[in-house]
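Before any comments, here is the structure.
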Number of protein chains: 4
Amino acid sequence: MKVPGFKKGDDEHGEGPRVFGLKLPNLGDVDGVFGLKLPGLTKEPPMEGPALGPAAEAGYTEKQERVLQAAMAVFADRGFSAASTSEIAKEAGVAAGTVFRFYRTKKDLLLGVVTPVFRRFVAPQFVAAVRGLLEDDYEDLAAFLRVLLSDRMQFVRRHRLAVRIALQETPLHPELRQLWQELVVDELEPLALETVVRLQAQGLVRPVPPGVAARTVLSVLAGFLVYRFFVLPEADWNDQAEIEALIDVLVGGLGA
Amino acid sequence: MKVPGFKKGDDEHGEGPRVFGLKLPNLGDVDGVFGLKLPGLTKEPPMEGPALGPAAEAGYTEKQERVLQAAMAVFADRGFSAASTSEIAKEAGVAAGTVFRFYRTKKDLLLGVVTPVFRRFVAPQFVAAVRGLLEDDYEDLAAFLRVLLSDRMQFVRRHRLAVRIALQETPLHPELRQLWQELVVDELEPLALETVVRLQAQGLVRPVPPGVAARTVLSVLAGFLVYRFFVLPEADWNDQAEIEALIDVLVGGLGA
Amino acid sequence: MKVPGFKKGDDEHGEGPRVFGLKLPNLGDVDGVFGLKLPGLTKEPPMEGPALGPAAEAGYTEKQERVLQAAMAVFADRGFSAASTSEIAKEAGVAAGTVFRFYRTKKDLLLGVVTPVFRRFVAPQFVAAVRGLLEDDYEDLAAFLRVLLSDRMQFVRRHRLAVRIALQETPLHPELRQLWQELVVDELEPLALETVVRLQAQGLVRPVPPGVAARTVLSVLAGFLVYRFFVLPEADWNDQAEIEALIDVLVGGLGA
Amino acid sequence: MKVPGFKKGDDEHGEGPRVFGLKLPNLGDVDGVFGLKLPGLTKEPPMEGPALGPAAEAGYTEKQERVLQAAMAVFADRGFSAASTSEIAKEAGVAAGTVFRFYRTKKDLLLGVVTPVFRRFVAPQFVAAVRGLLEDDYEDLAAFLRVLLSDRMQFVRRHRLAVRIALQETPLHPELRQLWQELVVDELEPLALETVVRLQAQGLVRPVPPGVAARTVLSVLAGFLVYRFFVLPEADWNDQAEIEALIDVLVGGLGA
DNA sequence: CATGAATGAGCTTTCATTCAT
DNA sequence: CATGAATGAAAGCTCATTCAT
């Protein structure tokens, strides 16, 4: 079985730092994010496309937008509890009190950072992908997974900070868990199971329990994205190759 | 292809709450941990085996042991930054000042909670598993993965709080990242790659880049464990069946 | 000695809540003002006559009038220091900044609320009462006291909020004490003493030191009014009877 | 009728500042308390007897005692809302945080200042006075009133600050109104009415409604004390003479 | 050793006041 | 004139850490 997109020798141990076969850049010494201390970069790689924060939504003033971006940066960096609103204010270039004009409490600010991103991009985009599935009648499982993985990768890439904050803070805030409850359990899950069933009907997925199939895809996808963007964001990833490798594994394990 | 251990109908939608095909318990209403709000249990399921904290190590006084256990509970519950040393002291049944006899600062306490667990149980047990691989000459990939998954599952089950704290706090503390650097990058990774190469030489794993194989297994394993113990710890998991399903997927994708 | 105006049995303990022999209304459960927690009314009894605030004075715009009324309500309710100018603005239906067009500081607003009421109604009306005394030649002390008490009762009834604010805030603001200095010490007191002397000359008051007589009347009057309007405003007062009872006491103690 | 204790000419207009016939001291320029701006004293006159604050109660540490005294001084001076806990701390000579070891919130501190004083000295001492009435069989009304007025005067003199705070803050705090509810309505009032009835049975008070009699005495007493200690505390009061004058008035109005 | 009272820096939040629109 | 966004000083309160007992 071939792994498309992998150049020959990609994974051989050569010179330079490597982790699990990934070549790492050699530029300086920074703390990664989730990640390991790497002889790495001083900056996170630039986001692809415009940095559409939650404030891109109409109705946010430019100042509120700045507060949101600053809050995202500081919450991601220090964690919610250790972040200080005054640092956020300073980072946003506004007075300390101004933050509270937009968000009555610090916790409101957290929710204001996280909620819009997920509300607008999690369920809706999954719905769009599945609608594509219905209309385009993907010829095989790999094609469907390819769309799914690319789309979610795009999402994490663009909303890296918000995703990171969500990962960090969810265990600590019932309000965030409530958000996932609504988004994942109430909206996403029925759709996901229905999709698996459809794929099984089309003969694209073998007859495992739909829940197992769904969770397996989710685990593999999430595992990759966390690793890709938070554990080793600085590494020399060949994203296409990685995605194809994952698809290979999933198709091998789940395909009919 | 069969999925061993799954009872027929396990995944069909019956009565009672379900998430991704998992039946959830129906006992009350509690917040999970990482997890979604479930019509769930009032208590986390009891740990299997004795609750061996880091303090089980020789040389810890009974008081220090109590401090460590309390710190684990409070750090896991509130997060490091929002946890107060005085609450830890109260939980441990010691005076506020006593905590600082054992650990000079709050951060030392965090490291004291996390470090020993991982130092003693991550690399050493992986080494043991691999040594088993060498000695026992696993007849197939599934057998190896079965040992690996079961062992790591055991680990997370027994050290749930420490693992949870590590997941929550790693992004926020360079000291913890340094710990992973030493454990994972320096100790575990060479061993892992070497193991993949050996399995490929035995004809048990097909010739994908060893790094890809290693990271895929890791992702699937981690994704499952996080889901199993932190996202939906209260659900009615059939662990053996889940493990076998994952092995199926991995063998399908990676096996020769 | 009879107590005119008291109906027989007025003070006997019957059904319903009573305090010091006063029947209290039985409508619900509210906090009084100064007062005790009564099984009382949800609203203060309506003011008699039009609610003439200080702004009834010529030259106040309708907006300034609204600000004054709102300030009175909020200052009375929360106290000056705990009152926020933005709440006053909201209550008045104007923007936060508008308040400061009329009154440069919050304290100016306090003075603007209290001063006009007292400047216009304390000394002038006392002067009018005394002028009445001179012209009408009250035949007895009771008649004079009756006019005095009724008039002051009317005043407190109509300017309840301003009086309440004055009582609450005087101890805390030198500026208000200065106001009393001017009104009471400089204007009222000479007039009061002169009046006592005149009444003594007419044989209506016995020859106690004029200051003692004046302060006694003042104390009894103030004590009644505070009790009547601020401690137990909800009680079922028979004002005429109360006034006659007080006059009885005062005449008994001070009359010739 | 003579007014015992009044020296001849006491109330004549002579040199020096006078208010309602009271000679005022001539020492400097201070703000009074409630009172009018007087050419007055730089300090409140020293309390008679030991300054028994609420902290005289067993179980208060010396530091807590200092905090209470400081809180009393600052609350009385600025009012609760405008008082800052850090000023109280400084005044007490402790660190800012120490205040909150004793009283979890600023409001607790207010209650801690006011409650003990009134709980211990209002109802109990009135009970004692009435018990005296029963045992000693006062020969006339004046003797009873003399004991009552002297005792309450003593109380206000010794607990001037606490009384002042209670007067200032009661309208603003439901918790304080609750305190009066318990002390005055529930405990004191039945006793007071019963006492009036007894005095009427003894032929010492004429048959007015007991509630009227009780409230009249209360009003006159409170009016005097407020005037004496808060409006014009600096004036040259002849307390015995004032009390006798008030007794004269009350006996004249209420006596049989 | 263990205690817990004491510290004081630092936090989030409020709000009187200003000023560009 | 009126607005209300913005300010920033100051508030109440928390808590890691120290140290006399």
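Every chain is numbered from 1, with letters handed out A, B, ... down the list of sequences.
- D/Gln168 and D/Arg164 share a side-chain donor-acceptor pair at under 3.5 Å.
- Each of A/Ser84 and C/Ala83 lies near DNA chain E, and the nucleotide nearest A/Ser84 is the one positioned closer to the 5' end.
- Of all the heavy atoms in B/Val67 and B/Val94, the pair that sits closest is CG2-CG2, 4.0 Å.
- The base-pairing partner of F/dA10, taking Watson-Crick or G-U wobble contacts with both distances under 3.5 Å, is E/dT13.
- In this structure, CZ of A/Phe100 is placed 16 Å from C1' of F/dA5, rounded to the nearest angstrom.
- Rounded to whole angstrom, the span from the CZ atom of C/Arg78 across to the P atom of E/dA16 amounts to 12 Å.
- The minimum heavy-atom distance linking A/Val74 with A/Ala83 is given by the pair CG1-CB, 3.6 Å.
- For the pair B/Lys63 and B/Phe102, the cation-pi criterion (under 6.0 Å, within 45° of the ring axis) is not fulfilled.
- If you take CG of C/Asp108 and C1' of E/dT18, they are 16 Å apart, rounded to a whole angstrom.
- Where A/Arg104 and C/Arg104 each meet DNA chain E at their nearest nucleotide, the meeting point lying more 5' is that of A/Arg104.
- In this structure, the NZ atom of A/Lys90 is 19 Å from the C1' atom of F/dA6, given to the nearest Å.
- Taking the side chain of C/Lys106 as heavy atoms from C-beta on, and the options F/dG12, F/dT17, E/dT17, the nearest nucleotide is E/dT17.
- Separating the CD1 atom of A/Ile88 from the P atom of E/dC11 is a distance of 11 Å, rounded to the nearest angstrom.
- For the pair D/Tyr103 OH and F/dG12 P, the interatomic distance rounds to 17 Å; values are reported in whole Å.
- The shortest distance between the side-chain N/O atoms of A/Thr85 and the OP1/OP2 oxygens of E/dT12 is below 4.0 Å.
- Rounded to an integer number of Å, the gap from CZ of A/Phe75 to P of E/dC11 is 13 Å.
- B/Leu109 places its CG atom 10 Å from the P atom of F/dT17, with the value rounded to the nearest Å.
- Under the Watson-Crick or G-U wobble criterion, with both distances below 3.5 Å, E/dC19 is paired with F/dG4.
- With respect to the salt-bridge test (charged N to carboxylate O, under 4.0 angstrom), the residues A/Glu87 and A/Arg78 qualify.
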Just the table, please: protein N/O against nucleotides 1-3 of chain F N/O, every pair under 3.5 Å.
from	atom 1	to	atom 2	distance (Å)
F/dA2	N7	C/Arg101	NE	3.2
F/dT3	OP2	C/Ala95	N	3.2
F/dT3	OP2	C/Thr98	OG1	2.4

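- Between C/His173 and C/Phe80, a ring centre-to-centre spacing shorter than 6.0 Å is recorded.
- The 5' end of DNA chain F is approached more closely, in terms of each residue's nearest nucleotide, by D/Ser86 than by the other of B/Lys107 and D/Ser86.
- Using a 4.0 Å heavy-atom distance criterion, C/Ala82 is classed as making no nucleic acid contact.
- To the nearest 0.5 Å, atoms CZ (D/Arg160) and CZ (D/Phe230) are separated by 7.5 Å.
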